[in-house]
Colleague: 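Pasting in a structure now, in structure tokens, and then I'll have a few things to ask.
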Protein chains: 2
Amino acid sequence: MGDYETVASSQPSNWQHHFLAPASRQVFASNETSPDIYVLCTGWAFRFLQLADGRRQILGFLLPGDLFSAHSLFEERFQFSVKALTAIQVSGMKRAEVQSRITQNPATAAPAIAKSCSAETEASEKMITALGLCSAEERIAYLFLHLMRRIADRNVIRDDRYPFPLRQQHIAEAVGLTPVHVSRILGTFRERGIADLSHGVLEVSDLKELQRLGSLT
Amino acid sequence: MGDYETVASSQPSNWQHHFLAPASRQVFASNETSPDIYVLCTGWAFRFLQLADGRRQILGFLLPGDLFSAHSLFEERFQFSVKALTAIQVSGMKRAEVQSRITQNPATAAPAIAKSCSAETEASEKMITALGLCSAEERIAYLFLHLMRRIADRNVIRDDRYPFPLRQQHIAEAVGLTPVHVSRILGTFRERGIADLSHGVLEVSDLKELQRLGSLT
DNA sequence: CGAGGAATTGATTTCCATCAATGACGGTGG
DNA sequence: CCACCGTCATTGATGGAAATCAATTCCTCG
């Protein structure tokens with residue numbers, strides 16, 4: 001891996017460390033192995049898979065507090081690559097250490113881990129459904145709603161304005177469209193008074209309509 | 001749930017039971033809860049999500065030996081529905097009992113469970129990639145290769161002929177296409193001498209080409 | 001046989017990708 | 001301060017992949 005900038009900890013420990021990465025830097029590559037597990041502390045990142053011909057699929061976005069993957073608790077090989085969307089700060093912990101702490105009190109740890117894995121899988125399967133069944137605008141609405149919920153869990157949201165540091169390119173790669181088409185759909189959302197994404201902020205003016213489009217009911 | 005036909009066990013036990021379901025019967029509905037976990041013993045089934053308007057996405061196929069979901073070990077609520085593709089035989093076990101057996105020797109159970117969860121998630125994320133990036137024929141080739149591997153793990157395959165009880169409708173619902181278009185693609189696979197699916201058997205004549213199309217490298 | 005679902009085939013439409021050009025910024029250096 | 005550049009977003013024109021509509025034909029199974 002690339003410990004791009006290791007930050008000196010105030011009380012150094014041998015089982016936990018931190019590092020920084022600037023926007024756009026790839027921090028891990030698919031198939032890489034690591035004795036550590038990672039948590040995103042600040043900033044946004046995304047997980048993705050890339051095909052031989054360069055096509056890239058974004059699997060999900062990482063927000064502060066997210067484990068890169070719940071499965072990384074047990075699996076030392078990355079099944080995806082990770083790239084910083086904004087400047088980020090990451091915390092790494094020795095897997096062995098974390099595992100031993102888990103086995104020490106499994107009663108509290110096990111349900112949390114199970115829930116976390118379960119949530120990941122559920123999100124994946126909902127995304128499969130969105131990609132398999134939904135139109136371009138439904139997919140984008142779904143992505144917005146999914147991220148809005150996660151953002152709202154971490155930030156105080158006022159006036160329905162969400163911090164949203166995604167380029168149209170990222171939206172396109174997440175929901176299987178071209179950036180040009182994403183631009184058109186966002187244009188229609190604007191003129192229909194549904195939502196406006198610009199300058200890194202998503203402002204939702206017609207939540208009902210957005211939900212009607214993207215709820216995957 | 002519907003214990004359609006409960007089979008008398010030769011030595012009855014209170015923590016394990018079996019039942020049968022005919023082809024096309026839905027055996028569980030999304031959001032249902034169950035104190036049991038289930039393994040498919042014989043036949044094929046599939047997991048799916050359904051939207052309010054009736055559109056349906058197949059999330060994956062279940063083959064003999066498959067847990068309906070590894071997450072069901074911890075999660076009592078179904079996040080998907082299950083329907084029999086052929087006539088099936090299912091075994092159900094009390095979750096509490098299974099969990100206590102797991103905690104009795106976690107050293108052997110834990111890695112197996114983790115691997116199983118991990119495999120499910122990896123499969124989901126590869127499917128997201130296929131749906132987001134790939135053309136119709138690439139998606140179908142991917143589905144074929146994925147299932148061929150799983151079938152070959154359970155059956156002796158001769159002459160590259162795989163038992164394959166899917167209707168074109170099911171293929172369509174799994175890879176996000178219409179049955180009509182699936183028919184066309186399968187037609188081209190036939191005339192190009194790549195593979196022939198009919199009468200419930202998939203016969204592969206040009207594995208290399210199928211892999212070139214569907215390997216998701 | 002005959003009936004009904006499944007598959008195939010053709011004609012047409014729709015949605016989205018692709019190609020191409022333009023404009024809006026923000027940074028950089030002269 | 002302004003010309004230059006690269007990135008991003010927007011817009012228009014066109015083409016292509018897959019959906020949709022509509023008949024048949026083919027199986028399968030009573």
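To find a chain, count down the sequence lines: A is the first, B the second, and so on, and within it residues start at 1.
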Colleague: So which heavy atom on Phe80(A) is nearest to which on Ser69(A), and how close?
Modeller: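 Result for this residue pair: CZ-CB, 3.6 Å.
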
Colleague: 5' to 3' on DNA chain C, which nucleotides open and close the contacts with chain B (atom under 4.0 Å from a heavy atom)?
Modeller: dA6(C) to dA11(C)

Colleague: Please give, in whole Å, the distance from dG16(D) P to His181(B) NE2?
Modeller: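 In whole Å, dG16(D) P and His181(B) NE2 are 15 Å from each other.
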
Colleague: Check every strand shown and say whether Ser198(B) touches a base, only sugar-phosphate, or nothing at a heavy-atom separation below 4.0 Å.
Modeller: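 Nothing: the residue Ser198(B), judged by heavy atoms under 4.0 Å, touches no strand.
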
Colleague: What is the distance from CD of Gln168(B) to P of dA19(D), rounded to the nearest Å?
Modeller: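 To the nearest whole Å, that distance equals 13 Å.
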
Colleague: Look at Arg55(A) together with Glu138(B) and state whether they make a salt bridge at an N to O cut-off of under 4.0 Å.
Modeller: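 Salt bridge between Arg55(A) and Glu138(B), a charged N being under 4.0 Å from a carboxylate O: yes.
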
Colleague: In plain terms, say whether Arg161(B) and Asp159(B) are close enough for a salt bridge, that is, a side-chain N and a carboxylate O under 4.0 Å apart.
Modeller: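 Result for this pair is no, no salt bridge flagged.
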
Colleague: Rounding to 10°, can you tell me the angle the first-five-pair axis of the helix from dC1(C)-dG30(D) to dG30(C)-dC1(D) makes with its last-five-pair axis?
Modeller: 30°

Colleague: Go nucleotide by nucleotide along DNA chain C from the 5' end; which of Thr178(A) and His199(A) gets its closest nucleotide reached first?
Modeller: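 Closer to the 5' end of DNA chain C: Thr178(A).
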
Colleague: Using a heavy-atom cut-off of under 4.0 Å over every strand shown, decide if Gly176(B) touches base, sugar-phosphate, or nothing.
Modeller: sugar-phosphate

Colleague: Could you state the CZ-P distance from Arg55(B) to dA19(D), rounded to the nearest angstrom?
Modeller: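 Rounding to the nearest Å, CZ of Arg55(B) and P of dA19(D) are 13 Å apart.
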
Colleague: For Arg167(A) and dG6(D), what is the distance between atoms CZ and C1' respectively, to the nearest whole Å?
Modeller: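 These atoms are roughly 13 Å apart.
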
Colleague: Verify, without hydrogens or angle tests, whether Ser116(B) (side chain) and Ala112(B) (backbone) share a donor-acceptor contact under 3.5 angstrom.
Modeller: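 Here the side-chain-to-backbone pair does not exist.
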
Colleague: Send over the distance from Leu133(B) CG to dA17(D) C1', rounded to a whole Å.
Modeller: 16 Å

Colleague: May I ask you to say what Arg139(B) touches in the nucleic acid, namely base, sugar-phosphate or nothing, with a heavy-atom cut-off under 4.0 Å?
Modeller: nothing

Colleague: For the side chain of Arg25(A) and the backbone of Ile88(A), is there at least one donor-acceptor N/O pair under 3.5 Å apart?
Modeller: no

Colleague: Remember a base hit wins even if backbone is also touched, and classify Leu177(A) as base, sugar-phosphate or nothing at under 4.0 Å, heavy atoms.
Modeller: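 If one applies the 4.0 Å heavy-atom cut-off, Leu177(A) turns out to touch the sugar-phosphate alone, with no base involved.
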
Colleague: Quick check on side chain to side chain contact (heavy atoms under 4.5 Å, CB included): which of Leu133(A), Ile128(A), Thr129(A) does Leu131(B) satisfy it with?
Modeller: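 Option passing the side chain to side chain contact (heavy atoms under 4.5 Å, CB included) with Leu131(B): Ile128(A).
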
Colleague: Over 60° means perpendicular and under 30° means parallel, so tell me whether Phe189(A) and Phe144(A) are parallel, tilted or perpendicular.
Modeller: perpendicular

Colleague: Which pair of non-hydrogen atoms, one from Ala45(B) and one from Leu40(B), has the smallest distance, and what is that distance?
Modeller: N-CD2, 4.0 Å

Colleague: For the pair made of CG in Leu186(B) and P in dC26(D), what is the distance, rounded to whole Å?
Modeller: 18 Å

Colleague: May I have the distance from Arg184(A) (atom CZ) to dT10(D) (atom C1'), rounded to whole angstrom?
Modeller: 8 Å

Colleague: Toward the 5' end of DNA chain C, which comes first, Leu197(B) or Ala136(A), by nearest nucleotide?
Modeller: Leu197(B)

Colleague: Between Arg95(A) (side chain only) and Ser72(A) (backbone N and O only), is there a donor and an acceptor less than 3.5 Å apart?
Modeller: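 Side chain of Arg95(A) to backbone of Ser72(A): a pair is present.
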
